[in-house]
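Notes for the one structure printed next.
Note that the numbering runs from 1 along the sequence shown for the chain.
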Amino acid sequence: MTTGASGAFGPVVVRRRLGATLRRLREDANLRLEQVAAELEVSTSKISRLETGHSLPKTWDVRNLLSVYGLEDAERRDEILRWVDESKAVAWWHPYSEASPTDIEYYLSLESEAASISHFCTLVPGLLQTSAYARAVLGEMSGDPNALTDSELDGLVAIRIKRQAALTRPESPLAFTVVLDEGALLRSVGTAEVMHEQLEALVELADVVDLRIRPFSAPTRRFSLSPFTIFYPRLTSVDQTVVNVEASGRDYYLEEASDVLEFQAAFGALVNDSLSREESVGLIRQMSR
């Protein structure tokens, strides 16, 4: 396996990309799963798991599939085979995997493969949190003070802080647009010192992200009740735009075009409800004093 640099390769997303591409190639060749399996003398479930991204692909298997599907374009074959290597890369968050919940893998993969992200939230988002704020919010959200060991909490905080490197990476930094509910500036997380440090950090980060505060005076909207994130992929020709919705401590992922369009429109409305970037920074400065 190879190890991807920070911000490089979201293995789960790459496996899904590879699988979707293999499925399209099979369908374009007018072949059924049973026919391909018989040709390669493997089980249909093996082909199916490759197409759904539920198994780690092997270069030999994928090369054979491309031959069965009649793909002769050398450049295209090389690109697909490169995805095989990327799909097996050890993600940068792997050292902290014992501390992180299993469902965070897909979220982090989407984030790693994104060119831009639009995010509505009612707490300061992880990409903008200070270490102290992250530690406080993760500890408080667990509900049980004994639910996380110190080592697990350290690991979760480390993941949040390391994610932020994407915002300032030298090559193609992540474009991040945030609509933050005004309540997040007033809601106490940790001590007063923790909140003060976090507010000051938001002012500084406003130089690298598009941060908008949605004031209390904004109208109540259906999509303002739960945080959500829209991931816009780097490789738009092969990866989908995906929406993550947080509700009652659970994550839901939406990929249907109609759902994505609905949330894109909702985010646009939330931006229109919000203060300008300059007004938002001014309000944060005022509250940090």
Side-chain angles (χ1 to χ4, degrees), residues 10 12-13 16 101 103-129 133-134 137-138 140-141 143 160 163-164 166-167 174-189 198-199 202 205-206 208-234 236 239-284 287:
V12 178
V13 172
R16 288 166 64 99
D103 61 356
I104 203 174
E105 289 280 334
Y106 188 37
Y107 190 98
L108 294 179
S109 286
L110 285 168
E111 192 173 88
S112 293
E113 290 295 316
S116 64
I117 293 175
S118 297
H119 184 53
F120 167 70
C121 45
T122 53
L123 286 174
V124 174
L127 283 173
L128 305 183
Q129 291 177 5
Y133 185 97
V137 77
L138 286 167
E140 291 173 5
M141 288 180 69
R160 293 210 170 183
R163 285 165 56 197
Q164 297 171 9
L167 298 172
L174 176 66
F176 193 41
T177 301
V178 185
V179 172
L180 181 61
D181 188 87
E182 184 178 351
L185 306 179
L186 298 171
R187 186 169 293 107
S188 180
V189 174
Q198 180 62 73
L199 293 177
L202 288 178
L205 287 165
V208 295
V209 302
D210 185 351
L211 175 60
R212 313 293 183 99
I213 301 300
R214 188 169 188 270
F216 291 131
S217 59
T220 301
R221 297 189 186 277
R222 177 164 62 96
F223 289 91
S224 66
L225 301 180
S226 297
F228 65 88
T229 309
I230 307 174
F231 298 94
Y232 294 93
R234 291 183 297 107
T236 56
D239 289 340
Q240 294 176 289
T241 297
V242 177
V243 177
N244 165 268
V245 182
E246 300 175 44
S248 302
R250 297 179 183 274
D251 287 316
Y252 301 90
Y253 291 94
L254 307 173
E255 300 179 2
E256 292 293 332
S258 58
D259 292 327
V260 171
L261 286 172
E262 190 173 19
F263 274 88
Q264 289 174 325
F267 189 79
L270 293 173
V271 170
N272 289 336
D273 291 343
S274 301
L275 303 178
S276 68
R277 296 179 68 170
E278 294 74 17
E279 291 170 333
S280 297
V281 171
L283 179 60
I284 298 170
M287 291 187 174

Nearest 0.5 Å, what's the [atom1]-[atom2] distance between [X] and [Y]?
X      : Y      : atom1 : atom2 : result
Leu185 : Leu202 : CG    : CG    : 7.0 Å
Leu275 : Ser217 : CG    : OG    : 7.0 Å
Leu225 : Asp181 : CG    : CG    : 10.5 Å
Asp251 : Tyr106 : CG    : OH    : 11.5 Å
Leu110 : Ile230 : CG    : CD1   : 12.5 Å

Are the side chain of [X] and the backbone N or O of [Y] linked by a donor-acceptor pair below 3.5 Å?
X      : Y      : value
Ser116 : Ala175 : no
Glu182 : Phe216 : yes
Glu105 : Gly10  : no
Thr229 : His119 : no
Gln164 : Gln129 : yes

Kindly give the heavy-atom pair with the smallest separation between [X] and [Y], and that separation in Å.
X      : Y      : value
Leu128 : Leu205 : O-CD1, 3.6 Å
Leu167 : Leu127 : CD1-O, 3.5 Å
Ala184 : Thr122 : CB-O, 3.3 Å
Pro125 : Val178 : CG-CG1, 4.1 Å
Tyr232 : Ser118 : CE1-OG, 3.7 Å
Ala247 : Ser226 : CB-OG, 4.3 Å

Could you work out, with side-chain contact (heavy atoms from CB on, under 4.5 Å) as the rule, every residue matching [X], not counting sequence neighbours?
X      : answer
Glu256 : Ser258, Asp259
Val260 : Thr241, Val243, Gln264
Ala265 : none

Inset, instruction - Take Asn244 and Phe228, measure what side chain to side chain contact (heavy atoms under 4.5 Å, CB included) needs, and give me the verdict at the end. - result: CA-CA 5 Å; Asn244 165 268; Phe228 65 88; over 6 Å; no
Inset, instruction - Starting from the C-alpha separation in whole Å, work towards a yes-or-no answer on side chain to side chain contact (heavy atoms under 4.5 Å, CB included) for Leu254 and Val245. - result: CA-CA 8 Å; Leu254 307 173; Val245 182; 4.1 Å; yes
Legend entry - For Glu279, all residues meeting salt bridge (Lys or Arg N to Asp or Glu O under 4.0 Å), sequence neighbours excluded: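 Scan of Glu279 (salt bridge (Lys or Arg N to Asp or Glu O under 4.0 Å), adjacent residues dropped) gives none.
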Inset, instruction - Taking salt bridge (Lys or Arg N to Asp or Glu O under 4.0 Å) as the test, write out the residues that go with Arg277, two or more places apart. - result: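 Counting only residues at least two positions away or on another chain, Arg277 forms a salt bridge (Lys or Arg N to Asp or Glu O under 4.0 Å) with Asp210.
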Partners of [X] by side-chain hydrogen bond (donor to acceptor under 3.5 Å, both in side chains), sequence neighbours excluded?
X      : value
Asp239 : Arg17
Glu262 : Arg222
Asp273 : Arg214, Arg221
Glu111 : Arg163

Could you pull out all residues at least two apart from [X] that satisfy ring-ring contact (aromatic ring centres under 6.0 Å, His included)?
X      : value
Phe223 : Phe263
Phe176 : none
Phe231 : Tyr107

Legend entry - Test: Glu278 and Arg212 ion pair at under 4.0 Å: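 Salt bridge absent between Glu278 and Arg212.
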Legend entry - Steps toward side chain to side chain contact (heavy atoms under 4.5 Å, CB included) verdict (Ile117, Thr177): CA-CA 6 Å; Ile117 293 175; Thr177 301; over 6 Å; no
Inset, instruction - Begin from the C-alpha positions of Val281 and Leu211 and carry the test side chain to side chain contact (heavy atoms under 4.5 Å, CB included) through to its verdict. - result: CA-CA 8 Å; Val281 171; Leu211 175 60; 5.8 Å; no
Legend entry - Heavy-atom side-chain proximity of Ser112 to Val13 below 4.5 angstrom: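 In short, these two side chains do not touch, never coming nearer than 4.5 Å.
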